[in-house]
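First listed ligand is number 1; within each ligand, the first listed atom is number 1.
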Amino acid sequence: MKLVFALAVFLNGIALAQRDANSKPFRLFIKSSNSTINGTALGACHQGAAIEGACITSDRITDPPRSYTTFYHSEWANEPANDLPGILFYNLTLGGSQPNSTRQVPSAMQFESIATSDIAWPNFSPKNITNTYVYFAKDCEEMYIPLNLDDTVSPPAYLEKTKKVQNWYVCLTRWSYLYTTLNWKFGVTGKPQNPSCQKVSVYRVFI
Ligand SMILES: *[C@@H]1O[C@H](CO)[C@@H](O)[C@H](O)[C@H]1NC(C)=O
Ligand SMILES: *[C@@H]1O[C@H](CO)[C@@H](O)[C@H](O)[C@H]1NC(C)=O
Ligand SMILES: *[C@@H]1O[C@H](CO)[C@@H](O)[C@H](O)[C@H]1NC(C)=O
Ligand SMILES: *[C@@H]1O[C@H](CO)[C@@H](O)[C@H](O)[C@H]1NC(C)=O
Ligand SMILES: *[C@@H]1O[C@H](CO)[C@@H](O)[C@H](O)[C@H]1NC(C)=O
């Protein structure tokens, strides 16, 4: 079961049963040694029709939560109650500029990438095609992806104890617009090739 589970998580696109137990809503904040971005909230930002990136905002914990800084985690409810795999969601409000528009469309996060870069853009969209599973550490609420299969050694080996990898970087990126976004660096060694990238952690605070 453990191996099946590890593989299922590894092959991010697989539809997992019983994954629709939504967490309470929360905000995501940056933890960084750079005080300019330390403590700022992530916000969904327009990248295209019903596609949002994960942008750095100027909001801090003392600012009120907004629809675009509110996220939730749709968890795989069958797992034991430790750190749960789940999909990060943001609710897109349709016709957002109309004051009485209330239609909320769950938009799931997935890593998007191109073969010539070593970072992924976490983008939100209502498609649910190849959603990316993320975890939150119970002790510190920091967001990570588990490392189960180590291919920095040959032959590649399954780890007895999962490692919590936090390859989050804040970088100036251009998926469509030039934005300062949160990104994921592929692999577990080295730094992103994008020279603007700064290493950060991301933690959640429930609303
Ligand atoms: C701190 O972050 C800001 C905003 O991303 C950036 O312009 C600045 O260069 C960073 N400072 C350092 C020392 O990395
Ligand atoms: C970052 O923010 C945390 C909590 O808001 C604070 O405890 C820490 O001192 C800050 N660090 C820097 C480098 O600004
Ligand atoms: C918004 O609400 C007002 C008052 O309830 C109503 O007259 C109006 O048609 C609504 N607009 C839309 C776009 O639903
Ligand atoms: C997101 O939208 C769904 C309906 O589409 C709603 O049930 C849910 O409460 C919303 N969650 C948040 C955090 O707004
Ligand atoms: C995506 O998944 C969420 C949560 O399971 C669900 O509410 C939503 O309807 C799905 N969207 C599509 C387009 O299938």
Side-chain angles (χ1 to χ4, degrees), residues 18-46 49-77 84 86-110 119 121-129 131 134 136-137 139-143 166-175 177-185 190-207:
Q18 305 294 318
R19 66 165 167 79
D20 52 359
N22 288 344
S23 75
K24 286 176 291 178
F26 51 79
R27 284 190 290 172
L28 292 167
F29 291 97
I30 297 292
K31 184 175 162 187
S32 165
S33 57
N34 181 343
S35 57
T36 307
I37 57 170
N38 185 42
T40 57
L42 283 176
C45 50
H46 178 81
I51 303 171
E52 292 79 40
C55 283
I56 303 299
T57 71
S58 57
D59 275 12
R60 292 177 181 272
I61 190 98
T62 46
D63 291 304
R66 307 174 200 278
S67 62
Y68 57 87
T69 59
T70 301
F71 300 91
Y72 57 100
H73 196 222
S74 173
E75 288 162 350
W76 190 9
L84 295 168
I87 295 168
L88 196 58
F89 275 91
Y90 148 74
N91 271 2
L92 172 68
T93 305
L94 281 189
S97 56
Q98 289 162 18
N100 43 9
S101 165
T102 51
R103 179 126 190 263
Q104 303 250 285
V105 183
S107 295
M109 188 276 278
Q110 69 179 79
I119 53 172
W121 299 278
N123 279 350
F124 295 85
S125 80
K127 291 178 304 194
N128 296 2
I129 295 174
N131 304 129
V134 294
F136 289 90
D139 50 350
C140 57
E141 298 294 353
E142 288 180 7
M143 183 164 68
Q166 297 192 28
N167 280 0
W168 303 112
Y169 286 81
V170 165
C171 318
L172 202 54
T173 60
R174 209 187 275 278
W175 187 82
Y177 299 101
L178 185 63
Y179 284 144
T180 301
T181 60
L182 181 73
N183 303 275
W184 176 266
K185 160 78 171 59
K191 286 183 179 166
Q193 65 190 19
N194 176 331
S196 71
C197 290
Q198 323 176 37
K199 180 82 192 75
V200 298
S201 303
V202 180
Y203 60 97
R204 69 179 170 184
V205 177
F206 287 102
I207 291 167

Self-check item: Closer than 4.0 Å: a protein non-hydrogen atom to atom 11 (N) of ligand 1
Solution: yes
Practice problem: Check whether any side-chain N or O of R27 sits under 3.5 Å from a backbone N or O of I61 as a donor-acceptor pair, and report yes or no. | Solution: yes
Practice problem: For residues N123 and G53, report the shortest heavy-atom separation together with the two atoms involved. | Solution: OD1-CA, 3.4 Å
Quiz item: Nearest protein heavy-atom contact for atom 13 (C) of ligand 4: which residue, which atom, what distance?
Solution: Y72 CD2, 3.6 Å
Practice problem: Tell me which one of T40, N38, N34, T36 gets a heavy atom nearest to atom 1 (C) of ligand 2. | Solution: N38
Quiz item: Tell me, do I30 and L182 make a side-chain contact under 4.5 Å, heavy atoms counted?
Solution: yes
Quiz item: Closest approach of L42 and T57, non-hydrogen atoms and distance?
Solution: C-CG2, 4.1 Å
Quiz item: Taking H73 for the side chain and V134 for the main chain, is one N or O donor matched with an acceptor at less than 3.5 Å?
Solution: yes
Quiz item: Are any of the N or O atoms of T70 closer than 3.5 Å to those of ligand 4?
Solution: no
Exercise. Report the nearest protein non-hydrogen atom to atom 5 (O) of ligand 4: residue, atom name, distance rounded to 0.1 Å.
Key: Q104 O, 2.9 Å
Self-check item: Heavy atom of the protein closest to atom 6 (C) of ligand 1 (residue, atom name, distance)
Solution: Q198 NE2, 3.9 Å
Quiz item: Among all protein non-hydrogen atoms, which one is nearest to atom 8 (C) of ligand 4, and what is the separation to 0.1 Å?
Solution: N91 ND2, 3.8 Å
Quiz item: Taking the inter-plane angle between the rings of Y72 and F89 on a 0 to 90° scale, is it parallel (under 30°), tilted (30 to 60°) or perpendicular (over 60°)?
Solution: parallel
Quiz prompt | Y90 side chain vs M109 backbone, donor-acceptor pair below 3.5 Å | solution = no
Quiz item: So is S33 in contact with ligand 2, going by heavy-atom distances below 4.0 Å?
Solution: yes
Quiz item: Short list, please: which atoms of ligand 2 are under 4.0 Å from a heavy atom of S35?
Solution: 14 (O)
